[in-house]
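There's a structure below that I have some questions on.
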Amino acid sequence: MVERGNGGAVVNLSSQASQAALDCHTVYGATKGALDTMTKVMALELGPHQIRVNAVNPTVVLTDMGRLGWSDPAKAKPMLDKIPLGKFAEVEDVVSVILFLLSDKAAMVHGVTLPVDGGFLAT
């Protein structure tokens, strides 16, 4: 993108686990926290080239793996209880936000970590 000189957009896929301590997620949370910081540094470095850099930070997403990992109601309930909207994200919820961030409609959105978490981080 820098070599082409016509700007662009990058969206990194992070997690709510970068901003909230989740039991048994030490390595996952640490790597997503690093990705959030990388997003901000990239925003500083690439902004002068008109390349926007952002991250999305979803809650549990109901992909095939998400459904498998969170299908046990005993495991899912404590997490769902922390989400004010009371549900996990569907793939389309995250894709829609990514498409917005990649679009010209987000021309001034730069260097953010955007939760897609039903309010989890508000609790």
Side-chain angles (χ1 to χ4, degrees):
M1 280 188 226
V2 172
E3 290 177 10
R4 285 193 314 235
N6 59 354
V10 174
V11 178
N12 292 319
L13 187 54
S14 188
S15 169
Q16 69 186 11
S18 71
Q19 299 177 33
L22 301 176
D23 192 36
C24 298
H25 283 71
T26 302
V27 173
Y28 185 76
T31 58
K32 294 301 187 174
L35 182 59
D36 284 0
T37 298
M38 190 175 89
T39 298
K40 293 176 183 184
V41 172
M42 289 173 65
L44 289 176
E45 294 176 351
L46 297 176
H49 300 281
Q50 300 305 300
I51 300 169
R52 295 179 297 103
V53 183
N54 296 291
V56 294
N57 299 62
T59 186
V60 173
V61 180
L62 295 176
T63 61
D64 290 343
M65 186 173 83
R67 289 181 198 287
L68 179 66
W70 292 89
S71 61
D72 178 4
K75 180 180 178 182
K77 184 175 181 342
M79 180 68 83
L80 288 168
D81 287 346
K82 294 179 182 178
I83 300 172
L85 291 182
K87 60 184 178 178
F88 293 137
E90 296 291 340
V91 172
E92 295 78 21
D93 297 324
V94 179
V95 170
S96 295
V97 173
I98 292 170
L99 290 174
F100 167 71
L101 290 172
L102 291 172
S103 77
D104 291 339
K105 293 181 182 191
M108 285 299 290
V109 181
H110 183 58
V112 303
T113 55
L114 183 59
V116 182
D117 67 353
F120 176 89
L121 292 172
T123 62

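The figures that follow rest on heavy atoms only: side chains count, while hydrogens, waters and symmetry mates do not.
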For V94 and P58, which heavy atoms make the closest approach, and how far apart are they?
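In this case the closest contact between V94 and P58 is CG2-CB, 3.8 Å.
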Same cluster (ILVMFWY, side-chain, under 4.5 Å), V11 and V116:
yes
Atom pair CG (N6) and CD1 (I51), whose distance is rounded to the nearest 0.5 Å:
8.5 Å
Side chain of H49, backbone of G47: donor and acceptor closer than 3.5 Å?
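No, H49 side chain to G47 backbone: no donor-acceptor pair under 3.5 Å.
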When you group the ILVMFWY residues by side-chain heavy-atom contacts below 4.5 Å and let the links chain together, are I98 and F100 in the same group?
yes
What pair of heavy atoms forms the shortest contact from T59 to A89, and how long is it?
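Heavy atoms only, the tightest pair is CG2-N, 3.8 Å.
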With a 6.0 Å cut-off (strictly less than), is the heavy-atom count around NZ of K82, excluding the residue itself, greater than 12?
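Open: at most 12 neighbouring heavy atoms sit under 6.0 Å from NZ of K82.
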Test log, rule side chain to side chain contact (heavy atoms under 4.5 Å, CB included), inputs V60 and I83
CA-CA 10 Å; V60 173; I83 300 172; over 6 Å; no
Considering residues, nucleotides and ligands other than K75, do more than 12 of their heavy atoms fall under 6.0 Å from its NZ?
yes
Between V109 and L114, is there a side-chain heavy-atom distance shorter than 4.5 Å?
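Sidechains of V109 and L114: no contact.
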Output the distance between atom CG (N57) and atom OG1 (T39), rounded to the nearest 0.5 Å.
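The distance works out to 8.0 Å.
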same_hphob_cluster(V61, L22) at 4.5 Å side-chain heavy-atom cutoff:
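V61 and L22: separate clusters.
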State yes or no: do L13 and L35 share one hydrophobic cluster built from I, L, V, M, F, W and Y residues joined by side-chain heavy-atom distances below 4.5 Å, directly or via other members?
no
Please give me the minimum heavy-atom distance between W70 and A76, naming the atom from each residue.
O-CB, 3.5 Å
ILVMFWY cluster, L99 and V56 together (side-chain gap under 4.5 Å):
yes
Considering all heavy atoms of both residues, which atom of S14 and which atom of K32 are nearest to each other, and what is their separation?
OG-O, 3.3 Å
Examine distances only and state if a side-chain atom of S15 and a backbone atom of S18 form a donor-acceptor pair shorter than 3.5 Å.
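Between the backbone of S18 and the side chain of S15 there is no qualifying donor-acceptor contact (under 3.5 Å).
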Side-chain heavy-atom pair L101, V97 within 4.5 angstrom cut-off:
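When only atoms from C-beta onward are counted, V97 and L101 do touch, with a gap below 4.5 Å.
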Residue set satisfying salt bridge (Lys or Arg N to Asp or Glu O under 4.0 Å) with D72, at least two apart, ordered chain then number -> none
Contact check, side chains of F120 and M79, non-hydrogen atoms, under 4.5 Å
yes
Rounded at 0.5 Å granularity, tell me how far CG in N12 sits from NZ in K40.
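Answer rounded to 0.5 Å: 12.5 Å.
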Does anything in residues 103-123 pair up under side chain to side chain donor-acceptor pair (under 3.5 Å), and if so which pairs, sequence neighbours excluded?
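For residues 103-123: Q19-T113.
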Test item: N54 side-chain N/O and V112 main-chain N/O as donor-acceptor pair under 3.5 Å:
yes
Are any of the side-chain nitrogens in K77 or D81 under 4.0 Å away from the carboxylate oxygens of its partner?
yes
Quick one: does M1's side chain get under 4.5 Å of L46's, heavy atoms only?
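Side-chain contact under 4.5 Å: no.
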